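For this chain, numbers begin at 1 and follow the sequence in order. Whatever order the structure lists ligands and atoms in, that order sets their numbers, starting from 1. Only a predicted model underlies this, so the values are computations on that prediction, with no experimental measurement involved.
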Amino acid sequence: MAQPPALARLAGVTELCPNLNLSTSLPKRTDAVLLGMATINQDEPALVGTVPDLDKAYQKAFGTSIAAMATAMGAGAKEGTVTSLPGVDGTRILVVGLGDADVTPDGVRNAVGSGLRKVAALEDVEGLAVAVSLELSDPELIQAAGEGALLGAYRFSAIKAEADPRAVAAVTLVSPVANAEAKAAVELARVIAEAVCQARNWTNTPPNLLYPETFAEAARAALKEQKVAVEILDDKALEKGGYGGILAVGGGSSRKPRLVRMSYAPRGAKAHLALVGKGITFDSGGLDIKPAGQMAGMKFDMSGAAAVIAAVQAIAAAGLKVKVTAYAAMAENLPSGTSYRSSDVLTMFDGQTVENYNTDAEGRLVMADAIARAGQDQPDLIVDVATLTGACMVALGLRTSGLMTNGEETSDLLLDAAEAAGEDFWELPITEHTRNQIKSTVADMRSGGTSRWGGALVAGAFLERFVPEGIGWAHLDIAGTADNPEEAYGHTPKGGTGVGVRTLVALASQLAEG
Ligand code: BES
Ligand code: MN
Ligand code: ZN
């Protein structure tokens with residue numbers, strides 16, 4: 001089927017991010033330069049980042065140094081502050097706060113993100129060459145600066161009648177070192193940021209354009225340059241395979257469900273990681289329909305699948321030595337004469353039966369099928385990502401994702417990866433009491449509890465039942481964090497955030513190191 005024009009255009013967005021370069025000096029053409037302010041050893045905030053030629057021009061034009069001007073204009077070290085100084089020789093100068101204490105990767109990522117966001121929001125500019133000069137030589141900090149720059153420069157404009165011109169065309173990281181390690185850090189930053197921006201684009205794309213069929217094709221297109229085998233199971237194949245959960249959830253819509261299987265199997269892989277993502281392209285609630293106010297944001301309900309597909313793209317592009325088998329379970333949850341109902345009993349992929357509790361608890365049903373399918377591949381670890389419960393959002397808010405696992409070792413692994421990636425996760429327990437809540441009198445289990453309390457845990461307890469014995473499993477609930485309805489901050493825009501991608505890539509890197 002021909003793709004709708006806007007989606008075709010989105011598919012044609014091959015440049016997800018500005019170019020990213022590394023240099024030991026300020027490039028000749030620099031339309032804007034980002035410098036930093038940091039407070040080191042409790043001293044006064046001091047300027048970080050040398051630009052000798054610009055400083056000379058500055059002395060000539062203003063009779064003072066850039067550092068003195070920054071201090072005079074009250075530029076502080078507080079993370080997230082951005083101060084614009086008078087420019088010189090056609091170069092704009094911005095000073096970003098790098099934090100009051102130690103300079104950390106996350107501090108740098110967010111500070112550079114804030115700076116680039118400000119540049120990208122400038123009116124009537126196009127194709128700017130931006131330099132980021134923060135005297136960073138630690139590869140981890142260089143990577144963080146690169147990610148922050150590209151993530152901060154992000155904008156979503158592909159569906160406007162006239163696409164916004166791209167404000168930032170290229171970013172150069174000016175670093176005292178440009179050795180192989182630094183170059184590898186820049187390349188990794190580019191690969192990761194492009195994947196995050198890809199995930200953001202999908203989250204932001206409306207459900208009349210992005211539905212299971214087009215989403216699956218978009219996944220294939222995104223992975224076509226990579227050594228990843230992509231297999232798309234359509235509704236017929238799903239019926240043949242016995243995917244009772246995905247079929248039930250997708251049954252109400254004329255846009256039929258899909259399960260996308262992605263396989264990356266490099267030589268010398270150190271471990272086998274399975275990823276599973278929730279891809280509900282629109283969640284109306286189904287027959288148990290949501291009130292309009294709660295339905296409004298539900299195009300984002302495919303963000304888990306977006307994160308998983310984008311992570312595979314980045315892992316393969318980076319050539320990480322880890323085998324990854326990923327599943328994106330795609331369906332649209334709509335009410336109609338062919339919808340599934342509450343009290344239906346579904347036979348899931350692994351043969352277990354589920355008494356459906358509420359058609360709005362659809363995510364766990366598509367995830368259960370995909371998790372069980374992933375288990376058949378006998379991976380070492382299954383990580384699922386889903387915008388699963390409003391309860392998780394109530395518990396942890398808009399900037400912290402939920403983590404549930406079937407073992408402490410897996411929790412530690414995920415929390416380490418999340419920390420390295422600069423994404424915030426908080427572990428929630430799966431208790432015996434919650435497990436007892438999903439007992440059914442007519443089927444092997446029910447898909448929901450008897451009370452509304454602890455809804456995130458109940459969903460976790462349900463998914464756990466589909467993980468084969470002996471396989472490590474982690475469940476990431478990104479309901480609160482996949483879309484930012486508030487103002488942009490740091491490198492995080494309003495709208496789709498691409499949360500999860502960085503943690504999954506960090507996890508894969510750690511597994512690849514053995
Ligand atoms: N996609 C929603 C989860 C969600 C709700 C995310 C609100 C963000 C904001 C999920 O499919 C859902 O509807 N969950 C229900 C489950 C309930 C019916 C057991 C919920 O959380 O209310
Ligand atoms: Mn729902
Ligand atoms: Zn949902």
I'd like to check which ligand 1 atoms, numbered from 1 as shown, lie under 4.0 Å from a non-hydrogen atom of Met298.
1 (N), 4 (C), 5 (C), 6 (C), 7 (C), 8 (C), 9 (C)
The Zn ion (ligand 3) neighbourhood, protein N/O/S only, threshold under 2.8 Å:
Lys278 NZ, Asp283 OD2, Asp301 OD2, Glu362 OE2
Counting only heavy atoms not in Lys78, do more than 12 sit closer than 6.0 Å to its NZ atom?
no
Please confirm whether the backbone N or O of Gly277 pairs with a side-chain atom of Asp384, one donor and one acceptor, at under 3.5 Å?
no
Which of the numbered atoms in ligand 1 are under 4.0 angstrom from any heavy atom belonging to Lys290?
12 (C), 13 (O)
Answer with yes or no whether Lys278 contacts ligand 1, where contact means a heavy atom under 4.0 Å from a ligand atom.
yes
Begin with the C-alpha distance, continue with both residues' side-chain angles, and end with the deciding distance and a verdict on side-chain contact (heavy atoms from CB on, under 4.5 Å) for Phe282 and Asp301.
CA-CA 6 Å; Phe282 189 68; Asp301 213 16; over 6 Å; no
Are Arg258 and Phe215 in a cation-pi contact, defined as NZ or CZ under 6.0 Å from the six-membered ring centre and within 45° of the axis?
no
Tell me, which protein N/O/S atoms are under 2.8 Å away from the Mn ion (ligand 2)?
Asp283 OD2, Asp360 O, Asp360 OD1, Glu362 OE1
Among all protein heavy atoms, pick out the one at the shortest distance from atom 2 (C) of ligand 1; state its residue, atom name and that distance to 0.1 Å.
Asp283 OD2, 3.5 Å
Do Thr389 and Asp477 have side-chain N/O donor and acceptor atoms under 3.5 Å apart?
yes
Residues Thr503 and Glu423: side-chain donor-acceptor under 3.5 angstrom
yes
Candidates Thr387, Val499, Val385 - the one meeting side-chain contact (heavy atoms from CB on, under 4.5 Å) with Ser401:
Val499
Protein heavy atom at shortest distance from atom 15 (C) of ligand 1
Asp360 O, 3.9 Å
Ligand 1 contact by Arg364, heavy-atom criterion under 4.0 angstrom
yes
Short list, please: which atoms of ligand 1 are under 4.0 Å from a heavy atom of Glu362?
11 (O)
To the nearest 0.1 Å, how far is atom 19 (C) of ligand 1 from its closest protein heavy atom, and which atom is that?
Tyr357 CE2, 3.6 Å
Cation-pi check, Arg255 onto Tyr211 ring (under 6.0 Å, within 45° of axis)
yes
Quick one about Ser303 and Thr203 (side-chain donor to acceptor, distance below 3.5 Å, no hydrogens or angles considered), yes or no?
yes
Do Gln352 and Asp350 have a side chain donor and acceptor closer than 3.5 Å?
yes
Side chains of Thr400 and Asp424: any donor to acceptor distance under 3.5 Å?
yes
Pull out every atom of ligand 1 sitting under 4.0 Å from any heavy atom of Thr387, numbered as shown with elements.
1 (N), 2 (C), 3 (C)
Minimum-distance protein heavy atom relative to atom 21 (O) of ligand 1:
Gly390 N, 2.7 Å
For Gln510, look at atom CD and say whether over 12 heavy atoms of other residues, nucleotides or ligands are found less than 6.0 Å away.
yes
Below 4.0 Å, non-hydrogen atoms only: which portion of Met393 touches ligand 1? Side chain, backbone, both or neither.
side chain
Contact partition for Phe300 relative to ligand 1, non-hydrogen atoms under 4.0 Å:
side chain
Test of proximity, Asn358 against ligand 1: N or O pairs below 3.5 Å:
no
Return the closest protein heavy atom for atom 10 (C) of ligand 1 as residue, atom name and distance.
Leu388 O, 3.3 Å
What I'd like to find out is whether the side chain of Leu151 reaches to under 4.5 Å of the side chain of Arg200, using heavy atoms alone.
yes
Decide whether Thr405 and His475 meet the rule of one side-chain donor and one side-chain acceptor closer than 3.5 Å.
no
Testing the 3.5 Å rule here: is there a donor-acceptor pair between the side chains of Glu147 and Gln143?
yes
Between Arg373 and Tyr327, do the side chains contain a donor N or O and an acceptor N or O under 3.5 Å apart?
yes
